[in-house]
Amino acid sequence: MTLRDLKPGETAKVVAINAEGAFKRRIMDMGITTGVSIKLVKVAPLGDPVEVTVRGYQLSLRKDEAASIQVE
């Protein structure tokens with residue numbers, strides 16, 4: 001399952017980041033790393049972007065970015 005598949009209010013644990021290079025580094029620099037707990041707060045009316053809470057702060061991600069983050 002990916003972060004994109006979560007419903008608002010659900011919390012999951014990051015299992016893997018399916019990306020490479022600068023994109024993966026940027027995601028990790030924002031605090032999204034393997035093992036961290038992440039909560040989907042809300043989804044924009046048109047579905048993009050999604051707002052998540054990670055390590056105590058709010059973060060907005062595009063749908064394609066959220067789809068590259070594997071969660072359980």
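Below, each value reflects all heavy atoms present in this structure, side chains not excepted, and no hydrogens, waters or symmetry copies.
- No donor-acceptor pair closer than 3.5 Å links the side chain of Arg4 to the backbone N or O of Ala66.
- A single hydrophobic cluster is not seen to contain both Leu40 and Val15; linkage of ILVMFWY side chains at heavy-atom distances under 4.5 Å, directly or through other members, places them apart.
- Every pair passing side chain to side chain donor-acceptor pair (under 3.5 Å) that includes a residue from residues 39-54 is listed here, sequence neighbours excluded: Thr53-Gln58.
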Dump the intermediate steps for side-chain contact (heavy atoms from CB on, under 4.5 Å) on Gln70 and Thr2, then the final yes or no.
-> CA-CA 4 Å; Gln70 290 288 122; Thr2 66; 3.3 Å; yes
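- A 4.5 Å side-chain heavy-atom check between Ile38 and Thr11 finds every atom pair outside the cut-off.
- Counting heavy atoms from C-beta outward, Ile32 and Val14 have side chains that approach closer than 4.5 Å.
- For the pair Leu61 and Leu3, the minimum side-chain heavy-atom distance is below 4.5 Å.
- Looking at heavy atoms from C-beta onward, Val41 lies out of side-chain contact with Val52 at the 4.5 angstrom threshold.
- A donor-acceptor contact under 3.5 angstrom links the side chains of Thr33 and Arg55, judged on distance only.
- With contacts defined as side-chain heavy-atom distances shorter than 4.5 Å, the pair Ile69/Val71 qualifies.
- Pairs passing the salt bridge (charged side-chain N to carboxylate O under 4.0 Å, His left out) check and including a residue from residues 16-34, sequence neighbours excluded, read Arg25-Asp29, Arg26-Glu65.
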